[in-house]
Amino acid sequence: MIRIQPGSSFATTFFLVSFLVSCKPRIYFFNVNERETTSADSLRFHWKVRGEPTLMFDRIRIASPPDDSLDILEFTLSVKKNGIDSSRKLQVVIRATESSDRVVIPVESLSGDTIIARGMKDRARWENFKIIGLINVMRRPLLVYHSEVSAVFADSGAVSTRWKDLSYSGDWEIRARMTDEEKKNHHLIPDRFKVGAIIQKK
Amino acid sequence: MLDSIDTIVLVMMENRSFDHMLGHLTIDHPELDVNGLRTADMASYSNDHNGDLFPSYEIKSDTDLETDLPHEEKFVQEQLKYQPVNDKFTMHGFVDAYVSAGDGTPNVQCIPMGYFGSAKIPVTEFFAKNFCVCDNWFAPIPTSTQPNRTMAFCGYTPIYQTKTQLIELKEGKNIFAWMDKHQVRWRVYHDGFPFFSLYPTLWPYVLGEQFSRFELMYSDRLHEADATAPQVIIVEPCYQDAPHFGSKHPNDNHPPLAIGWGEDFLRRVYQAVSANPDRWERTLMIVYYDEHGGFFDHVAPPGISCSTTGKPSFPFKSLGVRIPAVVVSPFVAPGSCSHALMDHTSVLQLLAEKFDSKKIYSPDVEKRRRDGIRSVSEVLENIKPFAAPNAPSVALDVKTALGESIAVAPDSPMRQSFEEAGRQMLEQKPAEVRKKFPELFQWKDAADKARGTR
């Protein structure tokens with residue numbers, strides 16, 4: 001066992017190291033159980049900090065282009081120690097019981113004249129939501145695959161309820177035929193495909 | 001018009017993109033002929049990640065960020081998000097890269113997608129409104145700080161990424177050797193430990209008389225005789241990643257720094273540059289950034305290729321992401337915008353036009369000129385110089401500043417590189433360091449003691 005004598009050089013170094021290492025605030029982690037929720041739900045926060053924590057929140061409304069907006073609760077965890085601040089923000093989207101959203105996934109490949117987009121809807125964010133219906137929001141016919149169900153959307157605005165009550169999260173695939181202009185000039189092919197969704201908390 | 005310019009001033013800041021700093025110009029004033037952000041196009045700027053969209057948004061308060069953003073070569077490729085189907089850089093991968101670098105589930109208002117409105121960047125705004133914005137200026141290569149700064153001041157780079165390293169340059173192939181060869185009077189004003197200290201070949205310059213404290217710039221500009229006044233001035237901010245001792249606060253704008261410190265630094269630089277009205281009338285200053293730092297920009301970079309000179313050589317197939325650049329001078333039209341394609345070697349072209357009889361800086365820079373990179377001289381058009389307008393005097397509102405403890409060894413390649421440079425310089429050139437950077441002795445002793453390595 002090492003006995004530390006006050007005033008010794010070791011003691012000075014030890015206390016100096018301890019003091020300097022611990023003198024500023026730190027947020028080791030700060031998370032919440034849901035990032036998309038409804039006003040009927042509860043939120044549970046977890047954090048580990050060094051310093052004195054304060055949790056603040058604001059309700060903000062942000063634009064969600066092209067034609068939508070989102071209600072957001074923004075939580076700021078601020079930690080103070082020795083007159084220094086450190087902070088981190090978490091945003092949670094507040095949705096109505098039934099609300100609209102979009103699946104937006106990148107174009108991945110071509111198969112003959114067919115454009116294929118593949119991606120996923122984040123499970124961590126969306127696992128508690130189910131689909132009520134899907135809407136074609138692109139100005140072209142689409143073939144949509146999700147959860148082993150597929151459907152053709154012939155026109156812009158076409159609606160399908162084939163996915164009703166299926167989970168919103170997981171893998172998605174959207175296909176479309178190239179237009180004549182796109183066949184002549186691949187630069188015109190869109191970067192990503194999207195489909196509108198009406199969703200509900202499970 | 002170049003003959004009327006006696007002083008060229010270069011100020012390179014750190015790690016912000018064009019849209020992040022200047023994109024707001026066309027949201028506030030859609031009539032401006034600047035390739036900034038436009039309200040009608042906001043949907044197209046949104047980045048998609050795991051099926052969700054993350055919009056571009058105005059940052060409401062200037063605080064230290066939670067973290068630095070990813071900006072190494074592999075992350076920049078992710079940010080550019082090349083789409084092989086339509087052969088385009090989509091510029092939709094900034095959130096992907098941010099999540100890849102390890103920050104969990106992103107907020108809807110994700111840090112890389114934020115941009116500043118005019119109120120938070122009053123000095124940058126002042127430059128944009130009173131001088132010439134360059135809205136087609138890209139980092140030379142799609143990678144991080146060390147290679148891009150090397151390109152900026154050498155015209156080539158032996159390295160392709162930033163890591164813990166001191167950088168070896170070809171003998172005599174750097175901006176200082178070039179200026180000496182062309183008998184150009186030059187000076188570096190550094191606010192703290194210079195970035196050029198990462199190049200051992202340049203230590204004779206760094207430890208010499210031509211590297212001068214930033215605090216001396218104002219009085220030099222006011223009082224120094226024309227015969228000795230420098231024709232080229234490089235101004236270095238206080239780097240976030242460099243060792244600090246005392247009360248000096250980093251002001252290079254490198255995340256996670258709040259932006260207010262850098263704005264104040266730019267104000268002080270401008271005040272020094274414009275202190276002497278006669279000198280101002282013959283001055284051209286370029287304020288630019290080394291690379292985009294991981295922040296979003298909506299303009300795809302041109303496919304101008306470049307390979308590193310190191311072994312093995314690393315090929316780049318495009319320019320890097322667009323950066324903020326403003327030419328501050330009475331020789332530009334106030335409130336103008338240049339769309340000429342530029343990168344950092346445009347500055348080297350300018351120097352060649354001014355100081356070389358053949359107007360060629362080097363074969364590497366000449367190749368980039370043939371590939372389409374224009375010279376900064378293309379923005380000069382104002383024949384009658386005007387008096388320097390006063391910089392805004394508003395107090396800059398920085399919410400928080402985090403102090404760094406020297407008891408903790410640095411954990412990033414840039415910080416480790418700076419510290420290694422300081423230590424090796426102390427070991428190999430103690431007499432020169434005692435004259436030039438005496439604070440390094442005290443810093444090393446205090447750090448070693450605090451870390452228990454002494």
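As the structure is a computational prediction, the values presented were derived from the model and not from experiment. Lettering of chains follows the sequences in order, A, B, ..., and the numbering in each one begins at 1.
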Note: vs chain B, highest number of non-hydrogen pairs under 4.5 angstrom among A:K89, A:E108, A:R192 is A:R192

Parallel, tilted or perpendicular: which fits the ring planes of A:W47 and A:F45, with parallel below 30° and perpendicular above 60°?
-> tilted

Does any heavy atom of chain B fall under 4.5 Å from the side chain of A:V92, the backbone, both, or neither of them?
-> neither

At a heavy-atom separation under 4.5 Å, does A:N185 approach chain B through its side chain, its backbone, both, or neither?
-> neither

A:P190 portion near chain B, given a 4.5 angstrom heavy-atom threshold = backbone

So, the part of A:K194 with a heavy atom under 4.5 Å from chain B: the answer is neither

Got B:P255 and B:F295 here, is their nearest side-chain heavy-atom distance under 4.5 Å?
-> yes

Step-by-step salt bridge (charged side-chain N to carboxylate O under 4.0 Å, His left out) determination, A:E34 to A:K201 | CA-CA 12 Å; A:E34 290 186 327; A:K201 198 88 187 286; 3.0 Å; yes

So, A:E36 and A:R125, do they make that salt bridge, N to O below 4.0 Å?
-> yes

What part of A:I72 lies closer than 4.5 angstrom to a heavy atom of chain B: side chain, backbone, both or neither?
-> side chain

Under 4.5 Å from a heavy atom of chain B, the part of A:E182 involved | neither

Does one side chain, of B:H298 or B:N35, offer a donor that lies under 3.5 Å from an acceptor on the other?
-> yes

Could you walk me through whether B:H24 and B:Y115 pass the ring-ring contact (aromatic ring centres under 6.0 Å, His included) test, one step at a time?
-> CA-CA 7 Å; B:H24 71 277; B:Y115 65 87; 7.5 Å; no

Check: B:H20 ring centroid to B:F116 ring centroid under 6.0 Å | yes

If you count heavy-atom pairs under 4.5 Å with chain A, which of B:T90, B:D52, B:D87, B:D41 comes out on top?
-> B:D52

Are side-chain N/O atoms of B:N251 and B:Y239 paired as donor and acceptor at under 3.5 Å?
-> no

Identify which of B:D48, B:V108, B:N50 forms the greatest number of heavy-atom pairs closer than 4.5 Å to chain A.
-> B:N50

Determine the option with the most heavy-atom pairs under 4.5 angstrom with chain B, choosing from A:I60, A:I115, A:I189, A:V104.
-> A:V104

Under 4.5 Å heavy-atom distance to chain B, tell me which part of A:I62 shows up: side chain, backbone, both or neither.
-> side chain

Atom group of B:D96 that falls short of 4.5 Å from chain A, counting heavy atoms = neither

